[in-house]
Amino acid sequence: MAFISNSRRTFLAQSSLGLLGAAVAPLLADGQSAPNSAPTLPPGAPPAFGTAPAAGPVVTTANFESAEKLVQVEMTAADRAQAAGNWRMAMAPLYERRVGPRKVAIEETVAPWSRWDPVLPGTIAGPAENHFLRSTVEVGPLPKSDAEIAFAPVAHLSHWIETKQITSERLTLIYLARIDRFNPKLRCVITVTRELAMMQAKRADAEIAAGRYRGPLHGIPWGGKDLLDTAGIPTTYGAEPFRDRVPAEDAAVVKKLTEAGAVLIAKLSMGALALNDIWFGGQTMNPWLLEEGSSGSSAGPGSATAAGLVGFSIGSETGGSIVSPSMRCGVTGLRPTYGRVPRTGAMTLCWSLDKLGPMARGVEDTLFVLKAISGADAGDVSSVNSKLDYDAARPVSGLRVGYFPKWMQEAPATDVDRAALETVKKLGMVPVEVSIPDWPYDSLDLILFAEGAAAFEELTLSHKVDQLKAQVPDAWPNTFRQARFLSAVDFVQTDRFRRKVALEMARVFSQVDLLLVPSLRDEMLTITNFTGHPSLTLRAGFVEVAEARSDWAPDPAHPLPKFSPPRRVPHGVTLIGQLFEEGTLGRAGLAMERSFDVAKENPAGFQ
């Protein structure tokens, strides 16, 4: 097959690498000299592969023998000799986009042409129309103490604001004072947006006084993970190289929340470049157990929401960054269906995986926020318009809840997880045993690592990634460097495996309406992030831990604190929903939350 590409042109004659190659006339592994220019072809002859001018450094059979260990393939001596013989004419020129001479910068707003669609061909996902009916539970009068007000869920705060029992300005001042008081021990806030917050709060009060109530988020102070762009306010990604980054425009989600009347009071901490809970200001801590990190990478949203420093928060998830801090900090996290919430103006880690979602102190709160931030945006090619069908009064009896019997009997499942399954039965939902093939689901992470390394290519190749506080083997700097050696063929094969996994999930969801799983069960956490299914993590009880927990690989040189007697901490379970069926997740989650009756307890020391 003839194929015409830039590699057939003589573009490398003037490049530094090409000049070096011409000057030394390097010998290849078989002793032959590399050609320095493309052969002259007779009229009508199409170009062939492997005929570009030689480029790049000398490559020998020994290089291939060593590289085989990285990609885990085996070649014969003849294979290596042939590969080394024309590498500089066949493969090295393909790197011109990166090494020059005609380098092409790829702006961070440019997404890959191929994109993941969680809805399989021939299927329709999600409700046909919007329907939203909130709960009618009696809220009660405004509490007398500021702490009680601060810890109240949005469902209560919105009622008190709408009925003018409290102003947005007073509520904002309560949260700002709590940030000043408690952030030094939690390190969950990167930037306090005090001036903007007071302006937005006063505007909300004026609108409400004039009868222009926008809905349940109007006047509610919130905090955003510091990967959401805010016009004129630093957005740092929690990473040293971006500490002084000030965007000119708000992210799409920020715009939507402003339109809903919400009040932005803080940019919340995140693990640097969306990994775990360490950022340039230190480690964000868990309000329930100050000797351990809050988990990440939505570390700040988890910690600040649990400690009552914000009314609600926005986090993001690529591979567990909403689920994990929600579980550890005892808050409710809703990871939406991939594509439901636009990511325009949010830091990209992985184009085909990143999702933005709410973290709050109650299940219904997350539905209020999801309703406000959903919708397509031209800046996010994967965002779609979708419908939300949520009726808090609709019975949950009869809903089919899938569970994995083996998973419920082994770690990381606890008695709290097993009790949650009993709650499912008590509420009239129907437990259904399900199973999936025993496949190497962690292999999907090849896509995560490759996309992440691509998103931060310039930062890695310029060695600015070396400025990050965390430089351990399992941190991004090492992973981004390692990912340069992942095989492109394996990337495509993994992408095909991803579709195979999606087909299995479609089979499972043909049997059930939702799944109940241990929150940090690795297989399901990985699978559903790659297939794009929504999840709801909510507090279901308490467990005791004898040792601090960490997102990081064990380091014998720095053992984690141990506790005797063990410490009591919240524990959450996770519901997985069908694509775009967050309303069903919310309905089931609300019923379970009421049955558990453990969401009202707050961490000691933050009153």
Side-chain angles (χ1 to χ4, degrees), residues 135 137-140 143 147-157 286-290 292 294-295 301-313 322-334 358-367 392 396 401 403 408 412-429 431 514 516-521 535-545 549 563 565-576 585-607:
S135 62
V137 176
E138 180 63 36
V139 171
E148 286 183 89
I149 294 171
F151 277 110
V154 174
H156 293 187
L157 296 174
N286 178 7
W288 291 89
L289 189 56
L290 289 172
E292 71 178 11
S294 66
S295 192
S303 180
T305 303
L309 307 191
V310 293
F312 69 90
S313 57
I322 289 176
V323 172
S324 187
S326 293
M327 198 198 77
R328 189 179 298 177
C329 295
V331 302
T332 303
L334 175 57
M359 298 169 69
R361 285 182 290 275
V363 169
E364 194 164 70
D365 294 3
T366 65
L367 274 296
V396 297
V401 180
Y403 72 100
M408 282 295 183
T414 67
D415 287 342
V416 173
D417 296 275
R418 290 181 278 274
L421 185 59
E422 293 303 311
T423 299
V424 164
K425 301 174 185 176
K426 184 175 75 171
L427 292 170
M429 294 186 279
L514 61 156
L516 171 68
V517 298
S519 294
L520 298 183
R521 183 75 196 198
S535 74
L536 180 71
T537 301
L538 67 153
R539 191 192 305 179
F542 292 84
V543 297
E544 292 187 337
V545 295
R549 298 157 295 179
F563 311 117
R567 303 287 186 86
R568 179 175 176 270
V569 293
H571 185 81
V573 297
T574 293
L575 300 174
I576 308 292
L585 273 183
R587 184 159 51 100
L590 182 63
M592 295 179 73
E593 179 182 69
R594 289 171 173 170
S595 183
F596 294 148
D597 195 26
V598 294
K600 294 177 183 178
E601 185 174 340
N602 301 314
F606 290 89
Q607 301 305 312

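Hydrogens, waters and symmetry mates are skipped; everything else that's a heavy atom, side chains included, is used. The model shown is predicted, which means the values in this text are computed figures rather than measured ones.
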- prompt: If you measure from CG on L516 to CE on M429, what distance do you get to the nearest 0.5 Å?
  reply: 8.5 Å
Which donor-acceptor pairs under 3.5 Å do side chains of residues 301-310 form with protein atoms, sequence neighbours excluded?
| from | atom 1 | to | atom 2 | distance (Å) |
| --- | --- | --- | --- | --- |
| S303 | OG | M285 | O | 2.9 |
| T305 | OG1 | P301 | O | 2.6 |
| T305 | OG1 | S313 | OG | 2.9 |

- prompt: Which heavy-atom pair separates A360 from T366 by the least distance, and what is that distance?
  reply: CB-CG2, 4.0 Å
query: If we only count heavy atoms from C-beta on, is the P431 to V401 side-chain gap below 4.5 Å?
result: no
query: Is the backbone of P153 close enough, under 3.5 Å, to the side chain of R361 for a donor and an acceptor to pair up by distance?
result: no
task: Examine distances only and state if a side-chain atom of E364 and a backbone atom of S135 form a donor-acceptor pair shorter than 3.5 Å.
output: yes
- request: Identify, with sequence neighbours excluded, every residue that meets ring pair (Phe, Tyr, Trp, His ring centres under 6.0 Å) alongside F151.
  value: none
statement: For W288 and N602, the nearest pair of non-hydrogen atoms, with its separation, is CH2-C, 3.5 Å
message: One thing to verify: whether R567 and E292 come together as a salt bridge, which I'm taking to mean a side-chain N less than 4.0 angstrom from a carboxylate O.
response: no
- request: In sequence, state the C-alpha distance, the side-chain angles, and the governing distance for I322 and L334, and then conclude on side chain to side chain contact (heavy atoms under 4.5 Å, CB included).
  value: CA-CA 7 Å; I322 289 176; L334 175 57; over 6 Å; no
message: Using every non-hydrogen atom in the two residues, find where S535 and V323 come nearest and quote the distance to one decimal.
response: OG-CG2, 3.7 Å
- request: Give a yes-or-no answer on whether the side chains of S326 and T537 include a donor-acceptor pair shorter than 3.5 Å.
  value: no
- line: Value for OG (S295) from CE (M327), rounded to nearest 0.5 Å, stands at 8.0 Å
field: Shortest non-hydrogen contact between L514 and A588, atoms and distance
entry: CD1-CB, 3.9 Å
field: Straight-line distance of L538 CG to T574 OG1, nearest 0.5 Å
entry: 7.5 Å
- prompt: Quick one: does S294's side chain get under 4.5 Å of R328's, heavy atoms only?
  reply: no
task: For T332 and D365, run side chain to side chain contact (heavy atoms under 4.5 Å, CB included): C-alpha distance rounded to whole Å, both residues' side-chain angles, the deciding distance at 0.1 Å, then the answer.
output: CA-CA 9 Å; T332 303; D365 294 3; over 6 Å; no
- prompt: Is there a side chain to side chain contact (heavy atoms under 4.5 Å, CB included) between R539 and H571 once you walk through the steps?
  reply: CA-CA 6 Å; R539 191 192 305 179; H571 185 81; over 6 Å; no
message: side chain to side chain contact (heavy atoms under 4.5 Å, CB included), that's the test. Do S324 and L520 meet it? Break it down for me.
response: CA-CA 7 Å; S324 187; L520 298 183; 4.0 Å; yes
query: Taking side chain as C-beta onward, heavy atoms only, is R594 less than 4.5 Å from V363?
result: no
Residue pair I149 / L157, side-chain heavy-atom distance below 4.5 Å: yes
statement: Smallest heavy-atom separation, A420 atom then M592 atom, equals O-CE, 4.0 Å
message: Looking at every heavy atom in both T423 and S595, which two are closest together, and how far apart are they?
response: CG2-OG, 3.5 Å
- prompt: With a 4.5 Å limit on heavy-atom distance, are the side chains of Y403 and V424 in contact?
  reply: no
field: Whether E544 side chain and P566 backbone form a donor-acceptor pair below 3.5 Å
entry: no
message: Is the shortest side-chain heavy-atom distance between P325 and M359 below 4.5 Å?
response: yes
